[in-house]
Engineer: 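This is the structure I have questions about; it appears just below.
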Amino acid sequence: MRAWHGHLSIASSSRAMPALTAVGRLRAPALALVLLAPLTASAAAFELELPLACTPGTDCVIQHYVDRDGTSGAHDYHCGSLTYDGHKGTDFRIPTLEAMREGVNVLAAAPGKVLRVRDKMDDVSVRRIGVENVKGSECGNGLVIDHGDGWQTQYCHMRLGSIVVRPGEQVEAGAVLGQVGLSGQTEFPHVHLQLTKDGTIVDPFSYQPDVAAMEGEAACENQIPGTSLWANDVQANLAYTAGSILNVGFSDRADLKMVDIEGGMLHDPDTSAPVLVAYGRAIGLLKDDIQHMRITAPGGQVLVDQAVDPLEANKAQVFVFAGRKRPSQGWPAGRYEGVYSVERDGETILEKPFSATLE
C-alpha cells in the first residue's frame, strides 16, 4: 500500500518475466535455437573468461541464462526460472544507470579476431522508444569475435561511442572491448554474451556436445550434466544462485518507484527528513517468496520489522520499501541499520544489510 497509515507502511512493485529483453544478431538471419544439438569440438580446447570488469554478486549479477527449453516454455541450465522463452545468451547486469554512466568495461571472454562492430545506437530503454524502433538492430551496439575452430562470441547492448576495437583486430582474453550500455532491445544496463559453435547456440554453463536435443519438461527431468566452459577461477564466482539482490539503501522519499532505484540517484536522508524509508530490489524471485525489511535506530530500537505478502507469481524484478514518519522531536543523529531479506520455503535465501548515518 502506498499510504502512510500511522507510523509504518510497506509498498512493493514487481514485474513478471520480461517480454522485451530479447536480443538479435548483428546481421540476419537469426540463429536457430537448437541448444543441445550434437557438436564435435572438444570443450577442453576452449574456455571463457569473465566478460565484464566486475565482481559477480557484488557489483554485477547474472539476470538471465540461456533458455534450455526448446518449446514455448523456458528454463535455465539449473532447471530454474532465470531465463525467458528463446533467450540465447547470458545477461551480465550492473545494478544502476548511474553505474553505467560511471563506466563498466566489457572484456573479451577469449582471444580471437573481431569480425563485426556496430556503434551508432543511443542508450535508451526500449520501453521508452518501442520495440519497433530497434527492429533488425536488437543487439544494439555490439560486436562479434571469432575464436577459431567454429567458436564465436557476440556482445550486445554496449554503450554508444564506447567500443574501442575494429573489424580485423586481434584481441586477447581480458582485453577491453567497450563499456556496458543500454542500446538495442533492452530495459536495463547489461551485456548480453552469446556463444556459438559452428553457428549453433551453446550454453557456456552446460556444454553438451554429444547429447541429442530434448524439449519441454523432459529436458529437465532427463538432463545430463554438461561441462562448464568458464575458466576454473571464474567458475566459483559464477555459481548458480536462485535470485539476487540488486539494490538496498535508505531514502527520504515516501513515493519511491522502480525508476528511482534504477537511476541510482537517490541520496541518504538527514535528521530533518520527513520520512525514513528503506528499500530493496531483487531479481529472479519465485512464487510464494516472502520479502522482509527491518530498520534499527542508533540506540537499537527497531523502527520497522515487516514482511510483504508472498509473491503471487515468479518475478524477474521486484522492489519493496518500508519506513516511518519523522517523530515530533526529529530523527536522532547516528547510524541507522537496515536488512533486506527474502525467505523461500521457510529459509532465508537472500539477505543484505546496509546502513546510513543521519546528521
Engineer: CD of E49 to CD of E172: how many Å apart, nearest 0.5 Å?
Structural biologist: 11.5 Å
Engineer: How close do Y207 and W151 get, heavy atom to heavy atom, and via which atoms?
Structural biologist: CE1-CH2, 3.7 Å
Engineer: Would you indicate whether the side-chain heavy atoms of Q291 and L311 approach each other to under 4.5 Å?
Structural biologist: yes
Engineer: Can you name the closest pair of heavy atoms from S206 and R68 and give their distance?
Structural biologist: CB-NH1, 3.3 Å
Engineer: Between E347 (side chain only) and R344 (backbone N and O only), is there a donor and an acceptor less than 3.5 Å apart?
Structural biologist: no
Engineer: Quick one: are F205 and T90 in side-chain contact, heavy atoms under 4.5 Å?
Structural biologist: yes
Engineer: Are more than 12 heavy atoms, taken from residues, nucleotides or ligands other than E312, located less than 6.0 Å from that residue's CD atom?
Structural biologist: no
Engineer: Apply the test side-chain contact (heavy atoms from CB on, under 4.5 Å) to residues L50 and L238: give CA-CA distance (whole Å), side-chain angles for both, the deciding distance (0.1 Å), then the verdict.
Structural biologist: CA-CA 9 Å; L50 193 66; L238 296 182; 4.0 Å; yes
Engineer: Side chain of D289, backbone of L286: donor and acceptor closer than 3.5 Å?
Structural biologist: yes
Engineer: Applying salt bridge (charged side-chain N to carboxylate O under 4.0 Å, His left out), run through E262 and R281 and close with a yes or a no.
Structural biologist: CA-CA 9 Å; E262 184 68 61; R281 179 168 65 149; 2.8 Å; yes
Engineer: Any side-chain to backbone donor/acceptor pair from N133 onto I129? Under 3.5 Å, distance only.
Structural biologist: yes
Engineer: Just by distance, with hydrogens left out, do Q63 and D91 show a side-chain donor and acceptor under 3.5 Å apart?
Structural biologist: no
Engineer: If we ignore hydrogens and angles and just use 3.5 Å, is the side chain of D252 paired with the main-chain N or O of P269 as donor and acceptor?
Structural biologist: no
Engineer: Please name the pair of heavy atoms, one in L82 and one in G284, separated by the smallest distance, quoted to 0.1 Å.
Structural biologist: CD2-CA, 3.3 Å
Engineer: Is a donor from one side chain sitting under 3.5 angstrom from an acceptor on the other, for R93 and Q317?
Structural biologist: yes
Engineer: Same cluster for V61 and L285 if Ile/Leu/Val/Met/Phe/Trp/Tyr side chains link at under 4.5 Å?
Structural biologist: no
Engineer: After noting the C-alpha distance and the side-chain angles of L115 and Q152, does the key distance pass the side-chain contact (heavy atoms from CB on, under 4.5 Å) rule?
Structural biologist: CA-CA 9 Å; L115 294 184; Q152 291 187 359; 3.4 Å; yes
Engineer: Assess whether side-chain contact (heavy atoms from CB on, under 4.5 Å) is satisfied between I163 and L177, documenting all intermediate values.
Structural biologist: CA-CA 6 Å; I163 297 178; L177 304 175; 5.8 Å; no
Engineer: Of the non-hydrogen atoms in L266 and S251, which two are nearest, and what is the gap between them?
Structural biologist: CD2-OG, 4.2 Å
Engineer: Do we see a donor-acceptor contact under 3.5 Å between the side chains of D76 and Y240?
Structural biologist: yes
Engineer: With a cut-off of 6.0 Å (strictly less than), are more than 12 heavy atoms of other residues, nucleotides or ligands near NZ of K352?
Structural biologist: yes
Engineer: Please confirm whether the backbone N or O of A99 pairs with a side-chain atom of T96, one donor and one acceptor, at under 3.5 Å?
Structural biologist: yes
Engineer: How far does CG of N247 sit from CG of D260, to the nearest 0.5 angstrom?
Structural biologist: 11.5 Å
Engineer: For K88, is there an ion pair with D67 - N to carboxylate O distance below 4.0 angstrom?
Structural biologist: no
Engineer: Looking at side-chain heavy atoms only, is the closest gap between L229 and V202 below 4.5 Å?
Structural biologist: yes
Engineer: Do L195 and V66 have side chains that approach each other closer than 4.5 Å (heavy atoms only, starting at C-beta)?
Structural biologist: no
Engineer: Donor-acceptor pair, T271 side chain versus E359 backbone, under 3.5 Å?
Structural biologist: yes
Engineer: Ignoring hydrogens and angles, tell me if any N or O in the side chain of K197 forms a donor-acceptor pair with the backbone of D149 under 3.5 Å.
Structural biologist: yes
Engineer: Under a 3.5 Å threshold, yes or no: a donor from one side chain and an acceptor from the other, between E351 and Y340?
Structural biologist: no
Engineer: For the residue pair W230 and P51, what are the closest heavy atoms and their distance?
Structural biologist: CZ3-CD, 4.0 Å
Engineer: Judged by atom type as modelled, is there a donor-acceptor pair below 3.5 Å linking the side chain of T83 to the main-chain atoms of Y65?
Structural biologist: yes
Engineer: Check for me whether the distance between the ring centres of H147 and F46 falls short of 6.0 Å.
Structural biologist: yes
Engineer: Knowing that exactly one of M121, R159, E138, R118 qualifies, which makes a side-chain contact (heavy atoms from CB on, under 4.5 Å) with S183?
Structural biologist: M121
Engineer: Answer yes or no: is there a side-chain heavy-atom contact under 4.5 Å between L276 and R326?
Structural biologist: no
Engineer: Can you measure from CG (D59) to CG (L246) and round to the nearest 0.5 angstrom?
Structural biologist: 11.5 Å
Engineer: Quick check against the 3.5 Å criterion: does T71 have a side-chain atom that pairs as donor or acceptor with the backbone of G73?
Structural biologist: yes
Engineer: Hey, are S272 and D270 close enough side-chain-wise for a donor-acceptor pair under 3.5 Å?
Structural biologist: yes
Engineer: Let me confirm one number: the CG-CD distance from L303 to E337, rounded to the nearest 0.5 Å.
Structural biologist: 11.5 Å
Engineer: Where do R324 and V304 land on the side-chain contact (heavy atoms from CB on, under 4.5 Å) test, with the steps shown first?
Structural biologist: CA-CA 7 Å; R324 294 190 69 171; V304 172; 3.9 Å; yes
Engineer: Indicate whether any N or O donor in one side chain lies under 3.5 Å from an N or O acceptor in the other, for T357 and R335.
Structural biologist: no
Engineer: Only one of V114, I145, D119 clears side-chain contact (heavy atoms from CB on, under 4.5 Å) with V165; which?
Structural biologist: V114
Engineer: Please find out if less than 6.0 Å separates the ring center of Y336 from that of F250.
Structural biologist: no
Engineer: Compute the centroid of each ring, for H64 and then for Y84, and state whether the two points are separated by less than 6.0 Å.
Structural biologist: yes
Engineer: Check N314 against K287 and note the closest heavy-atom contact, atom names and distance.
Structural biologist: OD1-N, 2.9 Å
Engineer: Would you mind reporting whether C54 and F92 have side-chain heavy atoms less than 4.5 Å apart?
Structural biologist: no
Engineer: CD1/I261 to CZ/F319 distance, rounded to the nearest 0.5 angstrom?
Structural biologist: 5.0 Å
Engineer: V104 and I283: same hydrophobic cluster, using ILVMFWY side-chain contacts below 4.5 Å?
Structural biologist: no
Engineer: Should D268 and L358 count as side-chain neighbours, where that means a heavy-atom distance under 4.5 Å?
Structural biologist: no
Engineer: Any side-chain heavy atom of M100 sitting closer than 4.5 Å to one from I94?
Structural biologist: yes
Engineer: Taking everything shown except D233 itself, do over 12 heavy atoms lie less than 6.0 Å from its CG?
Structural biologist: yes
Engineer: If you round to the nearest 0.5 Å, how far is CZ of R116 from CG of D146?
Structural biologist: 9.5 Å
Engineer: Under 3.5 Å, is there a donor-acceptor pair linking the side chains of D123 and H157?
Structural biologist: no
